[in-house]
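Comments concern the structure below.
No hydrogens, no waters, no symmetry mates; every other heavy atom, side chains included, goes into these values.
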Amino acid sequence: MKEKILNNLPLKIISIIIAIIIWYVVTSVSDPIVTRTFSDIPVQITNASYIAEGRKTYQVSEQYQSIAVSIKGNRSVVNGVTADDITVTADLTQIVTMDTDPVYVPVTAVCSGISSNSNVTIHTQTATIPIEIEDVDSAQFPISVDVGDTQPAKEYEIGEQTADPDTITISGPESLIQKISSVVAKVDVSGMSQSGTVKGTLVVIDKNLDEMSETQMNFLTFETGSREVDVNIVLWRKQTGIQLEAEYTGTPEHGYQVTDITTTPEEITVAGSDEALSALAANGNKLTIPAELINIDGQSSDTDITVDIGDVLNDDSDMMITSSAETVTVHVSILPNGSQEYQLDVDQIQRKNLGSNLTVQYDQTQIPVRIKASDEDLETFDISQVTASIDFSGLSAGDYQVPVRIDLPDDYELVSGGDDENGEATVTVHLREKTDTSASTSTNAN
């Protein structure tokens, strides 16, 4: 037996070596060693209380919130690993020294998908990560409410919006607390049709008026233990067709009088509490622009005064104006004593020298005519006594501002100021080519 074993021993040894080489080559070809790198593996901080015991806290810059991890081993093993299998931890008890700024914490990586006896190595992008250790600070901030672009049901507006609690104490690294400018509860009121309480998410605004990142928010602690707060939403019902009227202060120049006050727009839409809208209805759904906003002292001609629409209501009113207009224009008509303004229908205007191929359209249905006469004559005057005409000589299709010739009976005088002193008013007309209907009628007949 011994002779058989020793027989051709060198040849047998060579055979074994060749077999090992062949096994290695086959293994390397069919299951080679590969390296896979997984980016953005979150770094989990452990034993944070190690620092917090000294009224200290820490921050990790965003670039070290996650790191890359490389895994090297047989392809059959490495290809089965996913990013969820990898855990990277930074244990604060392993800080080597607290005498550096920043301090450095060792990081370790483990992979749950690899057995301990596998021929696999795991390497992190960096052996340590820097952290900033700071004093803990805290401050109290009021909470405002922001509904963003969301809107309640179309017949409602938000009358009141308050957070509960309306203030909150935030703790965290001193440098972060000092950056806080305000705290906002963001809520969604889409489609709300009745008052109620909704959940708001707290957002911290820094002194550059930017929202703090989620990374920064993770280092802040809210006294409520949550970033959610209750927000009370009170809805006000809308009311359309509210008429505007205005009062005024002051006295026109001697010999002149205020004859009319109009507003543009004439009507607005408001929203208010049920009590406020009921009171408005009792007043005929009219809102009065305060007299102190309209001063016509010493005026001798028409006066236009622009009023911010928000000034129409008292600050303590349970009502808001929801019309798109931001201002109201108050037009005060001021005429000489012994004069009066009348409205002339444009249909009463005679059309002279208008091309037979043209039609006329007006921008308005009436034009004002101001007439001065004795009180007795004014009492008996009728607008039908006015003769008005437009001369369209030389005008083709287009848009024009043209003079209107006004002729009055004897003893009546046209007042200037909005009207031309030569006895003419002006009006915008639109001249259009007539449509030839005869051709189409003939075609239809055939």
Would you check if [X] and [Y] make a side-chain contact, meaning some heavy-atom pair closer than 4.5 Å?
| X | Y | value |
| --- | --- | --- |
| Y342 | I367 | no |
| D91 | Y50 | no |
| V107 | T128 | no |
| I349 | V404 | yes |
| V184 | I143 | no |
| Y248 | N295 | no |
| V270 | L277 | yes |
| Y156 | M192 | no |

So does [X] have more than 12 non-hydrogen atoms from other groups sitting under 6.0 Å from [atom1]?
| X | atom1 | answer |
| --- | --- | --- |
| Q194 | CD | no |
| F392 | CZ | yes |
| K72 | NZ | no |

Is the side chain of [X] donor-acceptor paired with the backbone N or O of [Y] at a distance under 3.5 Å, no angle test?
| X | Y | value |
| --- | --- | --- |
| T303 | S301 | yes |
| R36 | V69 | no |
| S278 | D274 | yes |
| K207 | S182 | no |
| D308 | G310 | no |
| Q216 | S213 | yes |

With P290, which residues qualify under side-chain contact (heavy atoms from CB on, under 4.5 Å), at least two apart?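 If we apply the side-chain contact (heavy atoms from CB on, under 4.5 Å) test to P290, skipping adjacent residues, the hits are E292, L293.
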For E211, all residues meeting side-chain contact (heavy atoms from CB on, under 4.5 Å), sequence neighbours excluded: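 For E211 the side-chain contact (heavy atoms from CB on, under 4.5 Å) partners, ignoring immediate neighbours, are K186, V203, I205.
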Distance only, no hydrogens: is a donor on one side chain within 3.5 Å (strictly under) of an acceptor on the other, for N74 and S76?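 Judged by distance alone, the side chains do not pair up.
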Going by distance alone, is a donor N or O of one side chain under 3.5 Å from an acceptor N or O of the other, for S70 and T37?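 On atom types as modelled, these side chains qualify, holding a pair under 3.5 Å.
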I need the [X] [atom1] to [Y] [atom2] distance, nearest 0.5 Å.
| X | Y | atom1 | atom2 | value |
| --- | --- | --- | --- | --- |
| Q243 | L287 | CD | CG | 10.5 Å |
| L202 | F222 | CG | CZ | 5.5 Å |
| L244 | E267 | CG | CD | 8.5 Å |
| E247 | T288 | CD | OG1 | 5.5 Å |
| I289 | E245 | CD1 | CD | 9.0 Å |
| Q343 | Q366 | CD | CD | 5.0 Å |

Taking all non-hydrogen atoms of both residues into account, name the closest pair between [X] and [Y] and its distance.
| X | Y | answer |
| --- | --- | --- |
| M98 | V103 | CA-CG1, 3.8 Å |
| Q401 | T426 | NE2-OG1, 4.1 Å |
| P265 | I268 | CG-CG2, 4.1 Å |
| T249 | A291 | CG2-O, 3.5 Å |
| P130 | V60 | O-CG1, 4.3 Å |
| D188 | S190 | OD1-OG, 2.6 Å |

Under the salt bridge (Lys or Arg N to Asp or Glu O under 4.0 Å) test, residues paired with R432 that sit two or more places apart: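 In terms of salt bridge (Lys or Arg N to Asp or Glu O under 4.0 Å), with neighbours along the sequence ignored, R432 is linked to D399.
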With sequence neighbours excluded, give me every salt bridge (Lys or Arg N to Asp or Glu O under 4.0 Å) pair touching residues 215-235.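 Found K199-D230, E214-R227.
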Decide, yes or no, whether a salt bridge links R237 with E155 under the criterion of side-chain N to carboxylate O below 4.0 Å.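 Salt bridge: no.
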Salt bridge R370-E341, side-chain N to carboxylate O under 4.0 Å: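 So R370 pairs with E341 through a salt bridge.
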Which is it for I71 and I86 under the side-chain contact (heavy atoms from CB on, under 4.5 Å) test, yes or no, and what are the steps along the way? CA-CA 10 Å; I71 298 180; I86 304 171; 3.8 Å; yes
With V231, the side-chain contact (heavy atoms from CB on, under 4.5 Å) member among V147, V189, V198, T197: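 It is V198, the one option of V147, V189, V198, T197 that forms the side-chain contact (heavy atoms from CB on, under 4.5 Å) with V231.
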Please table the atom pairs, donor to acceptor, closer than 3.5 Å between any side-chain atom in residues 164-177 and protein atoms at least two apart or in another chain.
{"from": "S175", "atom 1": "OG", "to": "Q59", "atom 2": "NE2", "distance (Å)": "3.0"}
{"from": "S175", "atom 1": "OG", "to": "E134", "atom 2": "OE1", "distance (Å)": "2.9"}
{"from": "S175", "atom 1": "OG", "to": "E134", "atom 2": "OE2", "distance (Å)": "2.9"}

Hey, mind stepping through I158 and E160 against side-chain contact (heavy atoms from CB on, under 4.5 Å) and telling me if it holds? CA-CA 6 Å; I158 297 174; E160 299 175 11; 6.0 Å; no
In residues 319-334, what donor-acceptor pairs under 3.5 Å come from side-chain atoms, sequence neighbours left out?
{"from": "T322", "atom 1": "OG1", "to": "T269", "atom 2": "O", "distance (Å)": "3.3"}
{"from": "S323", "atom 1": "OG", "to": "T269", "atom 2": "N", "distance (Å)": "2.6"}
{"from": "H331", "atom 1": "ND1", "to": "D304", "atom 2": "OD1", "distance (Å)": "2.6"}
{"from": "H331", "atom 1": "NE2", "to": "D302", "atom 2": "OD2", "distance (Å)": "3.3"}

Stepwise, does the side-chain contact (heavy atoms from CB on, under 4.5 Å) test hold for T251 with D297? CA-CA 5 Å; T251 304; D297 201 40; 4.1 Å; yes
Worked check of side-chain contact (heavy atoms from CB on, under 4.5 Å) between I371 and V415: CA-CA 6 Å; I371 298 174; V415 178; 5.8 Å; no
Can you check whether Y58 and F219 have ring centres sitting under 6.0 Å from each other?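 So the answer is yes for these two rings.
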